[in-house]
Amino acid sequence: MNLDIDVALKKHVEFVLRKMDEIEACEQLSIHNMADLDRYAHILRNLAQTHEAIMK
């Protein structure tokens, strides 16, 4: 796998996890925060699937 792609995927994962941590740190989650968490979970799943496809 191209090292640049691997690094980019890892940076995207780190960014998404950091954003999720920021939202989860809030004492009260709004409906918008919950929607953001759901969206970020989908993004993580897509990044994992991309990584898996590239590794094949």
Measuring from His12:NE2 to Thr50:OG1, what's the distance to the nearest 0.5 Å?
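His12 NE2 to Thr50 OG1: 10.0 Å, rounded to 0.5 Å.
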Kindly compute the distance separating CD1 (Ile23) from CE (Met20), expressed to the nearest 0.5 Å.
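With rounding to 0.5 Å, CD1 (Ile23) is 7.5 Å from CE (Met20).
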For residues 31-44, pull every pair meeting side-chain hydrogen bond (donor to acceptor under 3.5 Å, both in side chains), keeping only residues two or more places apart or in separate chains.
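Qualifying pairs, neighbours excluded: Ser30-Asn33, Asp36-Arg39.
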Go through the structure and list residues passing side-chain hydrogen bond (donor to acceptor under 3.5 Å, both in side chains) with Lys10, not counting sequence neighbours.
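Listed in chain order: Asp6.
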Just to verify, what does Asn46 make a side-chain contact (heavy atoms from CB on, under 4.5 Å) with, not counting sequence neighbours?
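Counting only residues at least two positions away or on another chain, Asn46 forms a side-chain contact (heavy atoms from CB on, under 4.5 Å) with Gln49.
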Taking only residues two or more places apart in sequence or in another chain, which ones pass side-chain contact (heavy atoms from CB on, under 4.5 Å) with Glu24?
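Checked Glu24 against side-chain contact (heavy atoms from CB on, under 4.5 Å); matches are Asp21, Leu37.
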List for me each residue that meets salt bridge (charged side-chain N to carboxylate O under 4.0 Å, His left out) alongside Arg18, sequence neighbours excluded, and say none if there are none.
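For Arg18, no residue satisfies salt bridge (charged side-chain N to carboxylate O under 4.0 Å, His left out) once neighbours in sequence are set aside.
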Show your working on side chain to side chain contact (heavy atoms under 4.5 Å, CB included) between His51 and Leu47 and close with a plain yes or no.
CA-CA 6 Å; His51 186 263; Leu47 289 170; over 6 Å; no
Can you tell whether the side chains of Lys19 and Glu22 come within less than 4.0 Å, N to carboxylate O?
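Looking at Glu22 together with Lys19, the answer is yes, because their closest N to O distance falls below 4.0 Å.
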